[in-house]
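Below: one structure, written as structure tokens.
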Number of protein chains: 2
Amino acid sequence: MKKIAIYGKGGIGKSTTTSNLSAALAARGLRVMQIGCDPKADSTKNLMQGRVIPTVLDQIRQRDNQVELDHIAFEGFGGVVCVEAGGPTPGIGCAGRGIITAFQKLEELEAYERYQPDIVFYDVLGDVVCGGFAMPIRGGYADNVFIVTSGEMMALYAATNIAHAIENFGKRGYAKYSGLIQNSRNVENEDALVQQVARESGTEVVKIIPRHKLVQQAENQGMTVVEAFPDSEMAREYNSLADKVLEVVGL
Amino acid sequence: MKKIAIYGKGGIGKSTTTSNLSAALAARGLRVMQIGCDPKADSTKNLMQGRVIPTVLDQIRQRDNQVELDHIAFEGFGGVVCVEAGGPTPGIGCAGRGIITAFQKLEELEAYERYQPDIVFYDVLGDVVCGGFAMPIRGGYADNVFIVTSGEMMALYAATNIAHAIENFGKRGYAKYSGLIQNSRNVENEDALVQQVARESGTEVVKIIPRHKLVQQAENQGMTVVEAFPDSEMAREYNSLADKVLEVVGL
Ligand SMILES: Nc1ncnc2c1ncn2[C@@H]1O[C@H](COP(=O)(O)OP(=O)(O)O)[C@@H](O)[C@H]1O
Ligand SMILES: Nc1ncnc2c1ncn2[C@@H]1O[C@H](COP(=O)(O)OP(=O)(O)O)[C@@H](O)[C@H]1O
Ligand code: SF4
Ligand SMILES: [Mg+2]
Ligand SMILES: [Mg+2]
């Protein structure tokens with residue numbers, strides 16, 4: 001079971017990229033689990049026909065901690081097992097608390113034993129790397145970390161920050177920083193800017209994903225591009241990313 | 001002394017807007033203090049001729065807590081008193097910890113008594129509203145809160161989140177949510193989208209600031225637009241924002 005964390009600045013395209021990755025790998029017969037670790041809790045929406053599934057935090061609250069696996073894990077497109085950690089009420093408590101709680105609950109309910117995933121993706125907010133948001137790196141929960149970025153200054157700043165966090169506090173032998181995924185925003189000199197940050201942080205650009213309106217068109221149908229437009233050039237881009245990820249993590 | 005917090009998603013233009021506001025008000029003879037509450041620690045750069053001042057956290061570390069006011073508070077353009085809270089090493093501890101530490105240190109060193117500001121601006125990261133980032137709202141440190149947003153989905157999502165935090169956890173009588181500042185990104189239907197979020201969160205759009213390359217030109221000289229191009233249309237926009245802010249906070 002390979003555990004892969006996908007980090008990046010909010011809005012950069014983590015969930016879009018991760019859910020298309022999950023869909024592409026599931027379509028090849030791999031058992032995939034995708035765990036949303038962003039309080040926005042919509043990581044898996046386009047694997048669930050546009051449905052926002054209940055979060056682990058919400059279920060614990062509403063069911064007074066009488067939570068079963070079927071309350072928090074849902075099978076979506078291609079059999080991808082979808083989970084959303086959720087977040088606390090804005091302003092109170094650590095925003096990353098949902099992630100800590102979700103990880104505990106999934107272990108307690110033996111989710112990995114039941115579903116036997118080949119790959120687990122954690123889709124993690126990367127604007128700050130602390131509290132629960134640092135767990136996939138610090139807790140030894142991830143074997144590999146990829147960072148999604150564009151050529152925009154704020155996205156690159158966040159990427160550098162996350163790279164430092166991995167370097168400083170990845171537990172020995174865990175959380176290998178495996179590369180940047182460029183989710184293009186078509187800014188000036190983008191490829192070179194992203195390439196430079198890759199070099200400076202001692203890694204590579206794993207794949208350049210173009211900006212494409214098929215993403216929005218698929219989204220409007222509550223789907224990934226891989227599901228809605230499987231024969232498109234854009235679906236090929238995500239499949240090529242899937243190949244690269246498998247190669248990098250040794251699957 | 002009016003204490004005003006400026007929140008918003010990372011990269012939305014909080015520091016650009018706040019430093020131009022500070023410059024505009026200082027140019028009218030008001031005593032202004034600007035406290036950067038973003039681990040990026042560059043809020044006051046363009047009031048300090050492009051210089052990134054030492055942060056409170058860094059000074060405490062490097063000087064073994066033997067910190068004087070002159071080590072952390074610096075007078076910039078127009079006499080604006082500049083402070084940067086700083087942030088911890090990425091991945092370790094709460095990212096908002098610098099803010100908590102900075103507030104304590106400024107009180108301990110009696111900064112407000114020494115400088116007697118008419119207005120204090122806190123420029124605060126708003127991607128998560130927890131830990132130290134919630135302090136200006138929860139700790140009763142801010143009289144008024146403005147949120148900087150554009151018409152982009154992620155900026156509006158963050159704005160809504162921050163508005164909820166104020167509503168849930170502003171201490172009684174403190175932290176009045178005073179409105180949205182639209183920092184335009186020229187997306188489709190922008191004015192209407194921002195207007196809608198204003199309505200839904202029970203407030204108004206205080207000012208629409210256009211996107212303008214004079215911002216970059218001033219930045220490249222290490223200045224605000226108000227300092228570099230005082231007679232420009234863009235400087236007038238920031239002055240008009242200053243008028244509106246004074247009116248809204250009752251100064
Ligand atoms: N390659 C792409 N081309 C076009 N639009 C994209 C692409 N990737 C992401 N987007 C758009 O950007 C928005 C934000 O992406 P999302 O995956 O939700 O970001 P994150 O999960 O990092 O917050 C999505 O609504 C999506 O429509
Ligand atoms: N009105 C504007 N017009 C053009 N560029 C802007 C404007 N406001 C901000 N910017 C640009 O956006 C970038 C990010 O702004 P910044 O103030 O640093 O964001 P934040 O403090 O919210 O992280 C700045 O480098 C600046 O050049
Ligand atoms: S550790 Fe990070 S996520 Fe948790 S309270 Fe602090 S800033 Fe918020
Ligand atoms: Mg997401
Ligand atoms: Mg800033």
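If you're wondering where the values come from, they're calculated on a predicted model, not measured in any experiment. Letters A, B, ... are given to chains in the order of the sequence lines, protein chains preceding strands, and every chain is numbered from 1. Side chains included, hydrogens not; waters and symmetry mates left out as well; all remaining heavy atoms used.
- Inspection of non-hydrogen atoms places B:T89, B:P90, B:G91 of residues 82-91 of chain B under 4.5 Å from chain A.
- When all heavy atoms are compared, the tightest approach of B:C130 to A:C94 is CB-CA, 4.2 Å.
- Distance check, rounded to the nearest 0.5 Å: OH of A:Y157 to CG of B:D42 gives 7.5 Å.
- The candidate with the highest count of non-hydrogen atom pairs below 4.5 Å against chain A, out of B:I162, B:V129, B:I92, B:N161, is B:I92.
- By the 6.0 Å contact criterion, CD on B:E204 is enclosed, its count of non-hydrogen atoms from other residues, nucleotides or ligands being greater than 12.
- Only the side chain of B:A134 comes within contact range of chain A, judged by heavy atoms closer than 4.5 Å.
- For a heavy-atom cut-off of 4.5 Å, chain A lies close to no residue in residues 186-199 of chain B.
- Residues from residues 8-16 of chain B that place a non-hydrogen atom less than 4.5 Å from a non-hydrogen atom of chain A comprise B:K9, B:G10, B:G11, given in numerical order.
- Residues of residues 206-223 of chain B never come within less than 4.5 angstrom of chain A, heavy atom to heavy atom.
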